Amino acid sequence: MRLSRKHSMTRRDEFLRVRRNGRAKAGRFVVLSTLEDPDLDRLMVGIITTRKIGKAHDRNRIRRRIRAIISRHGDALVDSHRFLVTIPRHGCAGASYAELEKDWLKQARRLALLPKPGDP
RNA sequence: GCCGCUCCCCGGGCGAUCGCUGUCGGGUUCUUCGGAAUCCGGCAGAGGAAAGUCCGGACACCACAGGGCAGCGUGCCUCGUGAAAACGGGGGACGGGUCUCCGCGAGGAGCCCGGACGGAAAGUGCAGCAGAAAACAAACCGCUUGCUGGAACCAGGGUGAAACGGGCUUGCCCGCCGAAGCCUUGGCGAAGGCGGGUAAGGGUGAAAAGGUGGGGUAAGAGCCCACCGCGCCGAAGGCAACGACGGUGGCACGGCAAACCCCGCGCGGUGCAAGACAGAACAGGGGAAGGGUCGCCCGCCCGUUGAAUCCCCGGGUAUUAGUCGCAUAGAGAAAUGAUCGCCCACUUCCGGCAAAGGCUGGUGGGGACAGAAUCCGGCUUACAGGGGAGCGGCCACC
């Protein structure tokens, strides 16, 4: 899917709603949380990169990789009327794109956002 | 050719597919005609440090940006570049050097290297540990000397056993020799004790009241002398910092100002979240006069000076990805990414060639530090690898 600026979560209260009412799963590299909202007309995406992850250069690269993952797999999501927040964890700076993608997909399946590999 | 130092430059390249931000052009749908949603195409899209936010500006506001104090910055001289900070060239003084030359030596001269390099003869302060003693310094060892002390030794005298000789009363007397020990006189006087001299030597230290050589002395000492070094005074010369050279003093009330401080010079404060404009609900605001009260000028004081009160008049703020500030990247918590192929550095291992630097085949690894947030100019810090120039050293060949 195309992931333009209109899909970005920017407001603090949106992040707070997801944190309070949504569901979350933590993996090796990322924490993925989500909240369904039928009022939304599109998928809303948020990525939280804190100073703990690394310096500005590393945080930028991780954010871009996660956006690349979401743009590649976003069309396969079960229901696109939802918030989707990804929080990179501590060891992210050393991880490759493939490792990040594998971990992100695993958490997405645990949240039942994607169909099981065997299902059609 | 290799190695080292200094300075400068680059800091991966090309292509394909799918995306992102801005902008320009075009299409479709919806529309309250302001626009909104969506699609296609063109163009542009991180750095030498974008970093730290340490300096200097531009720009903006604080009423004016004026004086003083405080505070901050800066600091040899000269020339150049620059708006300023700052940077560069040359020179000087100081410090260092495994270098070269001169000298017996202390040292001197040259060459090379270094950088916050005004003032310690205004005041205050600081100096751990070690060491006997460390700032108007000090006697631990050692050396030396006076007094005391008397070991050991030597000499004289006295006493004096045995042996020997003689006498006889046969176990006593006399004589001779005169040992050791003891007593005594004298000599030489060790250790120890008390006191004085001494900074040459040892030891401690970053540093111990200048150094080398000689005289001198009880031993020593700038105590004296020569030379070296140093301080002070004068001074040829030089734009200047400085100072050739001369005189003089037996020689330091030394070090630290990147401790406070003093002196010269510079600096008003806050920073694009500066600030300007547009504009519904809600309620407040602006202008003029006056100089008692309060306050602003973002450390304090002073000076010029403003506002509430009173009179008159009609307009101001939250918020909105608003517009401008604002850029041939960009103003929204902020876009330059993902995947793949080929190549280029660099590199692991296994071979081949070559006298050697090296050349070459295969194979695997593999791209440092790091992401613009108003914009420039500096400084500092981080950084794989590569290239160039200059200088120095070594090796080979001609």
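Since we're looking at a predicted model, the values are computed, not measured. Every heavy atom of this structure was used, including side-chain atoms; hydrogens, water molecules and symmetry mates were not. Just so we're on the same page: letters track the sequence lines, and every chain starts at 1.
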Whole angstroms only, please: what is the [atom1]-[atom2] distance between [X] and [N]?
X	N	atom1	atom2	value
A:Glu101	B:rG337	CD	C1'	14 Å
A:Lys55	B:rA368	NZ	P	14 Å
A:Arg65	B:rC18	CZ	C1'	17 Å
A:Ile62	B:rA335	CD1	P	14 Å
A:Arg61	B:rA368	CZ	C1'	13 Å
A:Trp104	B:rA338	CH2	C1'	14 Å
A:Tyr97	B:rC18	OH	P	16 Å
A:Leu100	B:rG337	CG	P	16 Å

Expressed as a whole number of Å, how far does the [atom1] atom of [N] sit from that of [M]?
N	M	atom1	value
B:rA37	B:rU31	P	16 Å
B:rU336	B:rU21	C1'	8 Å
B:rG128	B:rG91	P	44 Å
B:rC298	B:rC61	C1'	13 Å
B:rG15	B:rC344	C1'	15 Å
B:rG66	B:rG95	C1'	48 Å
B:rU309	B:rG286	P	11 Å
B:rC326	B:rA273	C1'	16 Å

Of the options A:His73, A:Lys106, A:Arg65, which is the one that meets A:Glu101 in a side chain to side chain donor-acceptor pair (under 3.5 Å)?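 It is A:His73; the other options fail the test.
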With both distances under 3.5 Å as the test, what is the Watson-Crick or G-U wobble partner of [N]?
N	value
B:rA58	B:rU374
B:rG392	B:rC3
B:rA368	none
B:rG82	none
B:rC194	B:rG146
B:rA338	B:rU17
B:rC310	none

Looking only at side-chain N and O atoms, does [X] come under 4.0 Å of OP1 or OP2 in [N]?
X	N	answer
A:Arg63	B:rA335	yes
A:Arg67	B:rU336	yes
A:Arg72	B:rA338	no

Using a strict 4.0 Å threshold on nitrogen-to-oxygen distance, state whether A:Arg61 and A:Asp58 make a salt bridge. yes
From A:Glu36 CD over to A:Leu84 CG, what is the distance, rounded to the nearest 0.5 angstrom?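 The distance works out to 10.5 Å.
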Separation between CD1 (A:Ile66) and CZ (A:Phe29), nearest 0.5 Å, reads 11.5 Å
Does [N] count as syn, meaning its glycosidic angle lies within 90° of 0, or as anti?
N	answer
B:rG66	anti
B:rA46	syn
B:rA327	syn
B:rA382	anti
B:rG48	syn

Quick one: are A:Leu100 and A:Val30 in side-chain contact, heavy atoms under 4.5 Å?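 The answer is yes, as the side chains (C-beta and beyond) meet within the 4.5 Å cut-off.
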Side-chain contact, heavy-atom cut-off 4.5 Å: A:Thr49 with A:Ile87?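 A:Thr49 does not reach A:Ile87 side chain to side chain.
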Which pair of heavy atoms, one from A:Leu32 and one from A:Leu111, lies closest together, and at what distance?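 Result for this residue pair: O-CD1, 3.6 Å.
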Any donor and acceptor pair, going by atom type alone, linking the side chain of A:Asn21 with main-chain N or O of A:Leu35 inside 3.5 Å?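 Here the side-chain-to-backbone pair does not exist.
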Taking A:Thr34 for its side chain and A:Phe83 for its backbone only, find out whether a donor-acceptor pair lies under 3.5 Å.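 Yes, because the side chain of A:Thr34 sits within donor-acceptor range (under 3.5 Å) of the backbone of A:Phe83.
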Would you tabulate the nitrogen or oxygen pairs shorter than 3.5 Å linking the protein to nucleotides 44-50 of chain B?
{"from": "B:rA46", "atom 1": "N1", "to": "A:Arg64", "atom 2": "NH2", "distance (Å)": "3.2"}

